[in-house]
2 protein chains.
Amino acid sequence: MAGNAREPGVSVASRVLAVLGAFDAAHDRLTLSEIARRSGQPLATAHRLVAELERWGGLTRSDDGAYGIGRRLWDVGTLARVERDLRDVASPFLQDVHRTTRETVHLAVRDGLHALYVDRLVDRTTAQVLSRAGARLPLHATAVGKVLLAQAPGDVVRAALTDPVRVTPHTITEPGRLHREVAEVRRRGFARTAEEMTPGAWSVAVPIALPGGGVVASLGIVVASPRRDLVRLVPVLQVAANGIGRELPPGWTPT
Amino acid sequence: MAGNAREPGVSVASRVLAVLGAFDAAHDRLTLSEIARRSGQPLATAHRLVAELERWGGLTRSDDGAYGIGRRLWDVGTLARVERDLRDVASPFLQDVHRTTRETVHLAVRDGLHALYVDRLVDRTTAQVLSRAGARLPLHATAVGKVLLAQAPGDVVRAALTDPVRVTPHTITEPGRLHREVAEVRRRGFARTAEEMTPGAWSVAVPIALPGGGVVASLGIVVASPRRDLVRLVPVLQVAANGIGRELPPGWTPT
DNA sequence: CCACGAACTTCCACTGAGCGGAAGAGGCTG
DNA sequence: CAGCCTCTTCCGCTCAGTGGAAGTTCGTGG
């Protein structure tokens, strides 16, 4: 007997990665069976890999049997460029902005067709506006996203503005209007949103550019009321953004 | 012909993990050869694994040929418990403490015989006191460390205080004195250090406990001058620590 | 201009690590 | 206690993984 029928062309490495890929923001704790299902692998195979990952410290298992990402993988993730350089440099500036405005501050880079939130600062008092470090939100519905879009290659802009997702009743979904808006962001040097991503949230954002000129990230503020003077915060953001750009290693890319 | 002589007993998974393990705080960018050397694998083997990791997005290669940790792994690391729950809950409180004191704030958990810094807040103006998120420092030479030690199992305390490393001229290295100090920390509810880890740095820290009673983390402040009134900051820390403890999911552990 | 070395990439035939169906163990529920 | 679920262990077949070696690219210095 002894069963076998190894699915061909699948490397062990990719199986390991499939296990890691089974975890995401909405599924940060999984049972063995869930991991097997979500990674598309037989239970026995998943079991073996998970056990090895746990032994190494990449996964941890809690009393209830569920697995979560372990410290070892957290350590490794911490070494990523996005995290290390940008966060380290930007963190004090985010604090400056937060201290003078008392509003939620966001730091994001472009990741494909999404804005990837690298860091954020929230008041305990302020309503949770969503978004945590690591979150990915659509480019066309967020202020940081529009800023990043304004500096992105033409094909990215086209792809992002083709059939844009409607997130709230206020989300702008007409490609034409979005193209015009992105052009205006490029001209004016900042972007705004009004409840386009989250009901009850208004925001502005500015680009973070290297001294050389390349835009590498975006810095934004989110407030919970339709303040007309939101634009007045733009200079605050710009000072911080310039500071961050200057302190980044020359030639830095978020890749 | 074709050479071979596969080293036995080494799983592919462990080879993948060895590649990841080649990266650390001091080596966040490595060339292929370095990865091969540091992970103890033949060049050709490392090459294959690295290529697969890169394809998945776990590693990125920059123009100069060096590899770094990629976004995909950053994402995964972001899902770790230490990161997610603790950071999310504690972040606003760290900001509160920072706003009222204007000093460097640290959040740490115990990881074996080290204090693992999960988050920190620094002024741009303040001298960089060392430590970034992800750093591991000895338990006996830091305030957060002493706090964590005060609540640790007996064998951990013994192991940590046996032959303690001398970091600065002020580091306390007599096991007896350290044991007494740890007992006092337990009694008093907070710990201090005076240039024991970094010359020119003084600190206090308090435990973060769950409503149930278990200490899960430590919150500390570092200042750059030997202020006598450092102890006056303890109540500020305690208020924040209580708040964090209350908001953590019941039964939370940093594992 | 070419020789030399170092870092990287590709190739390929052998073989043991990995595979997964199946059976067993434990636990919860109706 | 039968039924169902999740987890763990077992084992013989086989193909994915292996690593020495050859080829490629690049930089250096003679």
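All chains are named by letter (A, B, ...) in the order of the sequence lines, taking the proteins before the strands, and each is independently numbered beginning at 1. Bear in mind the structure is a predicted one, so any value in this text is a computation, not a measurement.
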Engineer: Please report the closest heavy-atom contact between A:G58 and A:R72, naming both atoms and the distance.
Structural biologist: N-CB, 3.9 Å

Engineer: Just jot down the side chain to side chain contact (heavy atoms under 4.5 Å, CB included) partners of A:V89, sequence neighbours excluded, or say none.
Structural biologist: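 A:V89 satisfies side chain to side chain contact (heavy atoms under 4.5 Å, CB included) with A:I244, A:E247, A:L248 only.
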
Engineer: Hey, does B:L53 have a side-chain heavy atom less than 4.5 Å from the side chain of B:L20?
Structural biologist: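 SC-SC contact between B:L20 and B:L53 confirmed.
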
Engineer: Between D:dC7 and A:R48, is there an OP1 or OP2 to side-chain N/O distance shorter than 4.0 Å?
Structural biologist: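 A:R48 to D:dC7 OP1/OP2: no side-chain N or O under 4.0 Å.
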
Engineer: In whole angstrom, give the distance that lies between atom CZ of A:R15 and atom P of D:dC15.
Structural biologist: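 To the nearest whole Å, that distance equals 13 Å.
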
Engineer: Could you list the protein-to-nucleotides 24-26 of chain D atom pairs, N/O on both sides, closer than 3.5 Å?
Structural biologist:
none

Engineer: Taking the side chain of A:S33 as heavy atoms from C-beta outward, which of C:dG18, D:dT6, C:dT9 is closest to it?
Structural biologist: D:dT6

Engineer: From CD of B:E52 over to C1' of D:dA16, roughly how many Å is that when rounded to an integer?
Structural biologist: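 Computing the B:E52:CD to D:dA16:C1' distance gives 11 Å.
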
Engineer: Would B:V109 and B:V216 count as a side-chain contact (heavy atoms from CB on, under 4.5 Å) here? Give the steps.
Structural biologist: CA-CA 7 Å; B:V109 298; B:V216 290; over 6 Å; no

Engineer: How far does the helix from C:dC1-D:dG30 to C:dG30-D:dC1 bend, going by the axes of its first and last five pairs, to the nearest 10°?
Structural biologist: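 One end axis against the other gives 40°.
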
Engineer: For A:R38, is there an ion pair with A:E34 - N to carboxylate O distance below 4.0 angstrom?
Structural biologist: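 Salt bridge absent between A:E34 and A:R38.
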
Engineer: Let me know the distance between CD1 of A:I35 and C1' of D:dC7, rounded to the nearest Å.
Structural biologist: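 Nearest whole value for this atom pair: 12 Å.
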
Engineer: What's the CG-C1' distance between A:D64 and C:dC28, to the nearest Å?
Structural biologist: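 Spelled out: CG on A:D64 to C1' on C:dC28 is 15 Å.
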
Engineer: Using side-chain hydrogen bond (donor to acceptor under 3.5 Å, both in side chains) as the criterion, list what pairs up with B:N242, not counting sequence neighbours.
Structural biologist: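 Counting only residues at least two positions away or on another chain, B:N242 forms no side-chain hydrogen bond (donor to acceptor under 3.5 Å, both in side chains).
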
Engineer: Can you name the nearest heavy-atom pair linking A:G245 to A:I208, along with the distance?
Structural biologist: N-CG2, 4.0 Å

Engineer: Side chains of B:V50 and B:H47, heavy atoms from C-beta outward: is any pair under 4.5 Å?
Structural biologist: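 The answer is no, as the side chains (C-beta and beyond) never meet within the 4.5 Å cut-off.
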
Engineer: Quick one: B:L32 CG to C:dA6 C1', roughly how many Å, whole number?
Structural biologist: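 Value for this atom pair: 12 Å.
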
Engineer: Considering only heavy atoms, which members of residues 38-47 of chain A lie under 4.0 Å from some atom of DNA chain D?
Structural biologist: A:L43, A:A44, A:H47

Engineer: Is there a side-chain contact between B:V144 and B:Y117 (heavy atoms, below 4.5 Å)?
Structural biologist: yes

Engineer: Show every side-chain hydrogen bond (donor to acceptor under 3.5 Å, both in side chains) that has at least one partner inside residues 51-62 of chain A, sequence neighbours left out.
Structural biologist: A:R29-A:S62, A:E52-B:S11, A:R61-A:Y67, A:S62-A:D64

Engineer: Taking A:S39 for the side chain and A:I35 for the main chain, is one N or O donor matched with an acceptor at less than 3.5 Å?
Structural biologist: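 At least one qualifying donor-acceptor pair exists.
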
Engineer: Reckon A:R61 touches a base, only the sugar-phosphate, or nothing at all at heavy-atom distances under 4.0 Å?
Structural biologist: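 Counting heavy atoms under 4.0 Å across all strands, the contact made by A:R61 is with sugar-phosphate only.
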
